[in-house]
Amino acid sequence: MSADTPKPAAPKPAKPIEPAIKPTRAQDFPEWYQQVVRAGDLAENSEVRGCMVIKPWGCGLWEQMQQALDAMLKATGHQNAYFPLFIPLSYFEKEAAHVEGFAKECAVVTHHRLEVGPDGKMRPAPSAQLAEPLVVRPTSETIIGAAYARWVQSYRDLPILINQWANVVRWEMRPRLFLRTTEFLWQEGHTAHETEKEAQEETERMLGVYETFARDWLALPVFVGEKTESERFPGAVRTLCIEAMVQDRKAIQAGTSHYLGQNFAKASGIKFQSREGREEFAHTTSWGVTTRLIGTMVMAHADDDGLCLPPRVAPTQVVILPVAPKEDTRAAVFEAAEKLAAELRAQTWQGQPLRVHVDRRDIGGGTKSWEWIKKGCPVRIELGPRDLAQGTVAVCSRDQGARHKEFIPQADAVTGMPARLGAVQQGLYDRALAFRFEHTREIGTKEDFYAFFTAKNEKEIHGGFALAHWNGSPEVEAKIKEDLKVTIRCLPFTETTPGTCPFTGEPSPRRALWAKSY
RNA sequence: CGGGGCGUAGCUUAGCCUGGUAGAGCGCCUGGUUUGGGACCAGGAGGUCGUAGGUUCGAAUCCUAUCGCCCCGACCA
């Protein structure tokens, strides 16, 4: 705009409002994250180290995610089953890489009875020591493998396509709500196939399911690719993954799918008689996503006023806040609120009736509003006496920020709600994609690479995602990890152009995705 | 497991150095006025100061041990 162009009237300076979450993202991202989870009423730390209490709002979110993903797993031919929480210790001795990967983080059950000891306190009864300790599953390849070994005799018994929704325990050094907890919830798919080709296809198919789920339900754009050897699942031949960027520009693994080759089949004895009458080992896969996805969504979408939940997985998509200041109008307002809720519930979006809640609690209107803002409810509707008189409602879309509010005719609010939810869903995705785009760079020299990942001052954060060539050498990978704490998150399938490795000058088949990660 | 820090009411914390029997804010309860962007007034409940020893007439405070938690590192969905 040139100097002599008349300027439009400057927008009224917004009244400064304290952000609901302190510190803000810019001030202290890790602390902001903890506060968002807490303020959003998703979960809290429990008295058990590393274990969280998932509160109703967080659990409701997980249930929505489960429901959607479960349908996708069924649609790709899988069935649910359930296997034991406890795994005999000896099962872990069967696959060398696997045991090495998990041994350091296993909870082990050694007794089956308590008694009062000499000091008057309860203790595990020495007489009740287990002959073979039981490991609380950190993952179920071995115990499910043992079952598959019983179930499979012929190629006609294959494939086996099973998923389990379960909790697992990994005794991690440093737990963080949702991102890395000692106990967490997940689904783990375990399949067994006649041929490598089928198993490889399954591995890629399920990664595709995860990509779709992340994009269309969680509003998370992800990079899709394969892990390098150093980042591979213990015991796997190939590990595929989806990687998301969150708002401190770090990468987070949001889902994995492994081709296990015949490693676990050999360890567990999953063998069958082939079409040619030969005895062969099955080719197996496993794949999973966890409650970490909740943490990923928080870090990707939330703002300085709290959560912003994608409507497709929000436990409540629309909350109605009756404004009933005067005793004499209260009954009418509540009645109108319930009527509005019923009309909204009769609407569908993405093939499902809208999830609507009327918050009738008698607490201050502002407090109530902020609670739902912090919980990330996609749409809030305020309905008061003035609206009753005018036939309007005040509608607030969470993705537009905590201050957003528009007064529209009530009928429009009802008929337009599916589209509004769609807009919020799309808005979150677009914002996350734009953020990732802004912080992803193709880098061609070692100097640029190091500069990109080196903060210029204490407050500044590192660059983000770098797409850079790599000669395939684990030594280069290790050196960069040591220097910058940057690792190869994956070799994206979309990167196919050969080039030159900036670290060695050697040829590179394609660019790798480099980042700091959770 | 190595390095640093911290345990006082539901939460955040003051008091500790220099011992004298615990205070605040938020939250909670009651009543009233309020409620369209985090309300206000008045009254009230709630703590054996992480635990166990020791020193002392007397310990939240000093000493020893122990447990737990947080941060940094290695590990990791």
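Protein chains get the first letters and strands the later ones, always in sequence-line order, with residue 1 at the start of each.
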Subject >> Proximal nucleotide (of B:G38, B:U35, B:G36) relative to the A:R330 side chain >> reply: B:U35

Original post:
Rounded to whole angstroms, how far apart are CD on A:E44 and C1' on B:G10?
Top reply: 11 Å

Original post:
Would A:F465 and A:F223 count as a close aromatic pair, with their ring centres under 6.0 Å?
Top reply: yes

**OP:** Could you pick out which residue, A:I363 or A:E371, lies toward the 5' side of RNA chain B when each is mapped onto its nearest nucleotide?
**Re:** A:I363

**OP:** Please work out if A:F407 contacts a base, only the sugar-phosphate, or nothing of the nucleic acid, heavy-atom cut-off 4.0 Å.
**Re:** base

**OP:** Would you check if there is a donor-acceptor pair between the side chains of A:Q187 and A:T290 at a distance under 3.5 Å?
**Re:** no

Original post:
Would A:I143 and A:R137 satisfy side chain to side chain contact (heavy atoms under 4.5 Å, CB included), going step by step from the backbone distance to the final call?
Top reply: CA-CA 9 Å; A:I143 191 134; A:R137 61 181 166 217; 6.0 Å; no

**OP:** Go ahead and write out RNA chain B as dot-bracket, 5' to 3': ( ) for pairs within the strand, [ ] for ones crossing earlier pairs, | when the partner sits on another strand, dots for unpaired; Watson-Crick or G-U wobble, both distances under 3.5 Å.
**Re:** (((((((..((((......[..)))).((((((.....)))))).....(((((..]....))))))))))))....

Taking N or O atoms only and anything under 3.5 Å, show me the protein contacts with nucleotides 67-75 of chain B, one pair per line.
residue: B:C72; atom: OP2; partner: A:R174; partner atom: NH1; Å: 2.1
residue: B:C72; atom: OP2; partner: A:R174; partner atom: NH2; Å: 2.9
residue: B:G73; atom: OP1; partner: A:K485; partner atom: NZ; Å: 3.2
residue: B:G73; atom: OP2; partner: A:R174; partner atom: NH2; Å: 3.3
residue: B:C75; atom: O2; partner: A:E172; partner atom: OE1; Å: 3.4

**OP:** Identify, residue by residue, the members of residues 225-236 of chain A with a heavy atom below 4.0 Å from RNA chain B, and return them in order of residue number, or none.
**Re:** none

Original post:
If we take the P atom in both B:C71 and B:U13, what is their distance in whole Å?
Top reply: 14 Å

Original post:
How close or far is atom P of B:U34 from atom CG of A:D328, stated in whole angstroms?
Top reply: 12 Å

Subject >> Integer angstrom distance from the P of B:G5 to that of B:G47 >> reply: 33 Å

**OP:** Determine the interatomic distance between P on B:G3 and the same-named atom on B:C11; round to the nearest Å.
**Re:** 30 Å

Subject >> Mutual orientation of the aromatic rings belonging to A:H357 and A:W372 [parallel < 30°, tilted 30-60°, perpendicular > 60°] >> reply: tilted

**OP:** Can you see which heavy atom on A:V289 is nearest to which on A:A254, and at what distance?
**Re:** CG1-O, 3.6 Å

Original post:
What closest approach, in Å, do A:V313 and A:L218 show between heavy atoms, and which atom pair accounts for it?
Top reply: CG1-CD2, 3.9 Å

**OP:** Within residues 215-223 of chain A, find the residues that approach RNA chain B with a heavy atom at under 4.0 Å, and present them sorted by residue number.
**Re:** none

**OP:** Answer with base, sugar-phosphate or nothing: what part of the nucleic acid does A:S369 contact at a heavy-atom distance below 4.0 Å?
**Re:** nothing

Subject >> Atom pair distance, as rounded to whole Å: NE2 in A:H98 and C1' in B:A77 >> reply: 14 Å

**OP:** Take atom P in B:C67 and the same atom in B:G27, then report the distance between them in whole Å.
**Re:** 38 Å

**OP:** Taking the side chain as every heavy atom from C-beta outward, state whether A:L42 and A:V298 have any pair of such atoms under 4.5 Å apart.
**Re:** yes

Original post:
For the side chain of A:A402, counting heavy atoms from C-beta on, which of B:A77, B:U35, B:G37 is nearest?
Top reply: B:G37

**OP:** Measure the distance between the ring centre of A:F184 and the centre of the six-membered base ring of B:A77, then answer whether it is under 5.5 Å with planes under 30°.
**Re:** yes

**OP:** Assign the ring pair A:F29 / A:W32 to parallel, tilted or perpendicular, where the plane angle (0 to 90°) is split at 30° and 60°.
**Re:** tilted

Original post:
Nearest-Å distance, CZ (A:R38) to P (B:G10)?
Top reply: 14 Å

Original post:
What nucleotide among B:G36, B:G37, B:A77 has an atom nearest to a side-chain atom of A:T181?
Top reply: B:A77

**OP:** For B:G44 and B:A65, measure between their P atoms and round to the nearest Å.
**Re:** 46 Å

Subject >> Per A:K374 side chain, nearest of listed nucleotides B:C76, B:G38, B:U35 >> reply: B:G38

**OP:** Can you sort out the partners of A:R205 under salt bridge (Lys or Arg N to Asp or Glu O under 4.0 Å), two or more places apart, ordered by chain and number?
**Re:** A:E202

**OP:** Answer yes if the ring centres of A:F233 and A:H98 are under 6.0 angstrom apart, and no otherwise.
**Re:** yes

**OP:** Looking at every strand, decide which applies to A:T392 at a 4.0 Å heavy-atom threshold: base, sugar-phosphate, or nothing.
**Re:** nothing

Original post:
If we take the C1' atom in both B:C29 and B:A22, what is their distance in whole Å?
Top reply: 23 Å

**OP:** Figure out the CH2/P separation between A:W62 and B:A77, and round it to whole Å.
**Re:** 16 Å

Subject >> Closest contact, heavy atoms only, A:V414 versus A:E343 >> reply: CG2-OE1, 3.6 Å

Subject >> Distance in angstrom units between A:D362 CG and B:A39 P, rounded >> reply: 13 Å

**OP:** Identify whether any heavy atom of A:I252 sits under 4.0 Å from a base atom; if not, whether one sits that close to sugar-phosphate; answer base, sugar-phosphate or nothing.
**Re:** nothing

**OP:** Please check the phosphate of B:A77 (OP1 and OP2 only) for any side-chain N or O of A:T139 closer than 4.0 Å.
**Re:** no

Original post:
Base, sugar-phosphate, or nothing for A:K405, non-hydrogen atoms under 4.0 angstrom?
Top reply: base

**OP:** For A:H404, answer base if it contacts any base atom (sugar-phosphate contacts may also be present), sugar-phosphate if it contacts only those atoms, and nothing otherwise; contact means non-hydrogen atoms under 4.0 Å.
**Re:** base

Subject >> Nearest-angstrom distance from the residue atom CG of A:L177 to P of B:A77 >> reply: 19 Å

**OP:** Write down the distance separating the C1' atoms in B:G50 and B:C40, rounded off to the nearest Å.
**Re:** 38 Å

Original post:
If you measure from the Lys or Arg side-chain nitrogens to the Asp or Glu carboxylate oxygens, is any gap between A:E243 and A:K250 under 4.0 Å?
Top reply: no

**OP:** Round to the nearest Å and state the distance from A:F102 atom CZ to B:C76 atom P.
**Re:** 9 Å

Original post:
Where the side chain of A:A20 is concerned, which of B:G36, B:C76, B:G38 is the nearest nucleotide?
Top reply: B:G38

Original post:
With a 4.0 Å cut-off, would you call A:D216 and A:R312 a salt bridge?
Top reply: no

Subject >> Under 3.5 Å side-chain donor-acceptor pair for A:Q400 and A:K405 >> reply: no

**OP:** Decide whether a cation-pi geometry holds between A:K94 and A:F92; the criteria are a distance under 6.0 Å from NZ or CZ to the six-membered ring centre and an angle within 45° of the ring axis.
**Re:** no

**OP:** Answer with base, sugar-phosphate or nothing: what part of the nucleic acid does A:A254 contact at a heavy-atom distance below 4.0 Å?
**Re:** nothing

**OP:** Sticking with atom P, work out how far B:C62 lies from B:A74, rounded to a whole angstrom.
**Re:** 35 Å

Subject >> Pair A:E477, A:T487: side-chain N/O donor-acceptor within cut-off below 3.5 Å >> reply: no

**OP:** Identify whether any heavy atom of A:L293 sits under 4.0 Å from a base atom; if not, whether one sits that close to sugar-phosphate; answer base, sugar-phosphate or nothing.
**Re:** nothing

Original post:
With a 4.0 Å cut-off on heavy atoms, is A:R380 in touch with a base, just the backbone sugar-phosphate, or nothing at all?
Top reply: base

Original post:
If you check the A:R292 side chain, which of B:G37, B:A39, B:C76 turns out closest?
Top reply: B:C76

Original post:
Sequence neighbours excluded, which residues qualify as ring pair (Phe, Tyr, Trp, His ring centres under 6.0 Å) partners of A:Y518?
Top reply: none

